[in-house]
2 protein chains.
Amino acid sequence: MKKGAETRTRILDVAEAAVLQKGFGGTSIEELIAETGITKSGFFYHFRDKNELAKALLNRYIENDERIYDEIFSRARELTDDPLQSFLLGLKLLSELLADLPNGHPGCLVATVCYYERIFDREIQETNRNAVLAWRRRFGQMFAEIMAVYTPREPLEVDQLADMVSTVLEGGIVLSKALKEPNSLAEQILVLRSFVKLLFQPQAGATYRQ
Amino acid sequence: MKKGAETRTRILDVAEAAVLQKGFGGTSIEELIAETGITKSGFFYHFRDKNELAKALLNRYIENDERIYDEIFSRARELTDDPLQSFLLGLKLLSELLADLPNGHPGCLVATVCYYERIFDREIQETNRNAVLAWRRRFGQMFAEIMAVYTPREPLEVDQLADMVSTVLEGGIVLSKALKEPNSLAEQILVLRSFVKLLFQPQAGATYRQ
DNA sequence: CTGAAAACTGTACCGGCGGTACAGGAGGGA
DNA sequence: TCCCTCCTGTACCGCCGGTACAGTTTTCAG
């Protein structure tokens with residue numbers, strides 16, 4: 001019971017790092033078992049095939065991702081009651097967290113999957129889609145709360161604003177990786193933060209908080 | 001001479017579509033030669049190995065990409081002398097062009113490569129990096145011209161603003177693909193457009209163009 | 001028209017990889 | 001003790017990337 005779960009986790013750890021660097025197609029099972037120190041039979045005892053490995057990998061990644069966002073934005077929520085200030089603070093915390101990653105963001109599995117879609121079955125694609133929809137709900141909720149208090153200076157829809165957060169995250173990761181500039185991602189989030197700040201800034205004449 | 005280039009192009013066409021759907025690792029040479037109606041020997045006559053195919057694919061993709069941006073933003077430039085209005089118009093045109101793609105954006109090879117990096121040699125990674133740097137120069141130039149006329153309401157750097165355009169494009173493509181909502185990409189570009197408009201909007205009290 | 005180069009085809013082969021099949025063993029809990 | 005979980009070992013299959021190389025057709029310049 002205990003032992004099996006531990007081995008499974010070790011396989012997933014090795015697989016996640018490999019897949020984010022080389023994609024699913026570029027990651028061989030043989031290389032995974034070599035690094036984990038397990039036999040081929042042992043691997044196939046835990047995962048029926050590569051598709052099941054991908055499924056487990058993606059689910060674990062998404063859960064962890066959600067946990068991180070929960071932590072960051074609930075921490076931000078504790079520090080201020082104002083929904084806008086709390087959201088801006090959350091983006092700041094997120095940016096700092098990403099800036100502190102020594103080798104930059106390792107990559108997003110959701111992006112990996114959607115650039116490899118045709119290989120996997122419907123279930124994985126559906127899981128991937130739901131992950132993005134969950135982000136939309138999460139950030140959409142925040143923007144809805146903000147709009148209950150502040151009037152946006154441009155007529156933008158809640159869902160599209162929410163998607164913008166995911167967009168900047170995914171796009172920032174791609175840029176960071178392609179440029180080999182780990183900082184780009186954190187910077188792009190701060191640019192988004194400035195945009196959001198601007199969008200809900202009270203019209204001139206009124207005072208507004210920094 | 002002529003015939004060879006034609007076959008080469010046909011291979012690249014088939015390969016590009018396949019790679020954007022399945023990644024490099026998920027695309028087999030055998031499948032490419034089957035669809036192109038060529039033999040294996042014929043394929044290896046044109047490309048020494050998969051790495052060379054990737055190189056050719058990426059270079060062609062980047063060239064085409066640059067051509068499209070040249071067209072769109074020079075067309076926008078012809079319609080107005082104001083650098084801000086011209087940029088906003090360019091984003092609008094780009095958004096419309098992407099919205100008109102019947103099956104949505106097929107995906108960006110630059111993103112594919114950076115999620116598959118460790119497999120390829122330094123040259124490809126360098127090409128990829130230079131492509132993103134070229135985007136930075138292109139959009140940076142535009143923002144520099146805008147800033148010569150307009151004062152941004154938030155202190156943002158030209159390079160980071162320029163990267164934001166690439167970020168939204170790459171991120172929007174990922175979201176569109178993951179959500180299977182072709183429209184998302186075009187919408188995200190319009191959200192960016194609103195942000196840029198807001199950033200350079202004259203302070204309230206003065207009149208500003210719609 | 002000719003001849004040489006370009007653009008292929010055909011065949012045979014290699015090693016790595018994903019995957020299957022199945023037998024067997026170690027270790028621990030009921 | 002017995003069974004269940006968690007593996008190991010061995011043997012094998014077919015696909016794929018890649019090599020090697022000989023031979024054939026197509027093209028086009030002189």
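Convention: sequence-line order gives letters A, B, ...; per-chain numbering from 1. All heavy atoms count here, side chains included; hydrogens, waters and symmetry mates do not.
One finds no salt bridge joining A/R10 and A/E35 here, because no Lys/Arg side-chain nitrogen approaches an Asp/Glu carboxylate oxygen to under 4.0 Å. A salt bridge is defined here as a Lys NZ or Arg NE, NH1 or NH2 lying under 4.0 Å from an Asp or Glu carboxylate O, and B/E187 with B/R193 fails to meet this definition.
Nearest-nucleotide assignment on DNA chain C puts the 5′-proximal partner with B/I38, out of A/N51 and B/I38.
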query: How far apart are the C-alpha atoms of B/D163 and B/W135, what are their side-chain angles, what is the distance that settles it, and do they pass the side-chain hydrogen bond (donor to acceptor under 3.5 Å, both in side chains) test?
result: CA-CA 8 Å; B/D163 282 352; B/W135 294 339; over 6 Å; no
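One atom, CZ of B/R8, and another, P of C/dC8, lie 12 Å apart when rounded to the nearest Å. For the pair A/F44 CZ and D/dT8 P, the interatomic distance rounds to 14 Å; values are reported in whole Å. Going from atom CZ of B/F47 over to atom C1' of C/dC8 covers 14 Å, rounded to whole Å. In this structure, CG of B/D49 is placed 5 Å from P of D/dG18, rounded to the nearest angstrom. Rounding to whole angstrom units, CG of residue A/L53 and P of C/dG18 are separated by 11 Å. Following rounding to the nearest Å, A/L32 (CG) and C/dG16 (P) show an atom-to-atom distance of 17 Å. To the nearest angstrom, P of D/dC16 lies 5 Å from CD of B/E30. To the nearest angstrom, C1' of C/dA7 lies 12 Å from CZ of B/R10.
Among the protein residues, A/R48 comes within range of the sugar-phosphate backbone only, with heavy atoms under 4.0 Å from sugar or phosphate atoms but none that close to a base. Residue B/K40 is in base contact, counting any heavy-atom pair closer than 4.0 Å across all strands shown. Residue contacts for A/S41: at a heavy-atom cut-off of 4.0 Å it reaches a base atom on one of the strands shown.
For D/dC6, the OP1/OP2 oxygens have no side-chain nitrogen or oxygen of A/H46 closer than 4.0 Å. The phosphate of D/dC7 has neither OP1 nor OP2 within less than 4.0 Å of any side-chain N or O from A/Y45. Contact between the side-chain N/O atoms of B/T7 and the OP1/OP2 oxygens of C/dC8 is found at a separation under 4.0 Å.
The backbone N or O of A/I124 lies less than 3.5 Å from a partner atom in the side chain of A/D121, making a donor-acceptor pair.
In this structure, A/H46 and A/T7 have side chains that are in contact, with non-hydrogen atoms separated by less than 4.5 Å.
Not a single donor-acceptor contact under 3.5 angstrom links the side-chain atoms of A/T39 to the base of D/dG9.
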